[in-house]
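Worksheet: one structure, shown below.
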Amino acid sequence: HERLNRGVYVSRKDIVGDHVVTTYDIRMKRPNREPVMNTGVMHAIEHLGATFLRDHEIYSHNTIYFGPMGCRTGFYLILKGQLSSMDIVPIIHEMFTFIAVYDDEIPGADPVSCGNYQDMDLKGAKLEASVFLNETLEKMTSENLIYPE
């Protein structure tokens with residue numbers, strides 16, 4: 001964590017039944033070197049990202065999980081299959097573009113659907129998504145795709 005940059009990384013690959021399941025580390029903040037995101041921002045990104053992936057023409061069938069890291073520096077995405085970090089950059093870019101321009105009610109932000117529906121910060125989520133797009137996803141290098149040794 002002391003040298004980890006913002007980026008998209010393969011965290012691990014597991015065999016589940018007959019399938020490979022890959023966990024991706026979508027790191028939006030440099031751990032222990034940048035302020036973390038607040039819970040309202042994280043929660044809004046979680047709802048919007050999960051909705052985007054659930055409704056995606058291709059990725060809806062391969063998405064197992066999208067959710068926040070407890071340290072509040074990013075998100076985990078678990079997909080069926082063995083794509084590389086670089087392979088998923090286009091869908092991550094598409095997802096964060098969706099979040100950056102989203103301008104409606106946050107899906108699932110109601111007391112029936114969510115256990116903490118009032119802790120949502122759409123404005124902050126859009127800002128963080130825009131920063132991640134502009135400063136990381138649009139300028140990807142190996143430092144943003146491969147864990148440092």
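Note that the structure is a prediction, hence the values are computed from the model and not measured.
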For side chain to side chain contact (heavy atoms under 4.5 Å, CB included), just list the numbers for His47 and Cys114, CA-CA rounded to whole Å, side-chain angles, deciding distance to a tenth of an Å, and then say yes or no. CA-CA 10 Å; His47 276 241; Cys114 180; 3.7 Å; yes

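- Listed for the Arg72 side chain is a donor-acceptor partner under 3.5 Å among the backbone atoms of Met37.
- Among Asp25, Ile146, Val10, the single residue meeting the side-chain contact (heavy atoms from CB on, under 4.5 Å) criterion with Ser85 is Val10.
- Aromatic rings from Phe66 and Phe75 are positioned such that their centres are separated by under 6.0 Å.
- To the nearest 0.5 Å, the span separating CD on Glu94 from CD1 on Ile58 amounts to 8.5 Å.
- Partner of Met86 under the side-chain contact (heavy atoms from CB on, under 4.5 Å) criterion, chosen from Leu83, Ile88, Val89: Val89.
- Nearest heavy atoms, Asn144 versus Arg6: ND2-O, 2.7 Å.
- Here the CD-CD1 distance, from Glu46 to Ile106, works out to 11.0 Å after rounding to the nearest 0.5 Å.
- Residues Asp14 and Arg12 are paired through a salt bridge, judged by an N-O separation under 4.0 Å between the basic side chain and the carboxylate.
- Aromatic ring orientation, Phe98 versus Phe52: tilted (interplanar angle from 30° to 60°).
- How far NZ of Lys126 is from CD1 of Ile99: 11.5 Å, rounded to the nearest 0.5 Å.
- Side-chain contact between Glu128 and Phe96 is absent, with no heavy atoms from C-beta onward closer than 4.5 Å.
- Counting all heavy atoms, side chain and backbone alike, Met42 lies closest to Pro68 at CE-CB, 3.4 Å.
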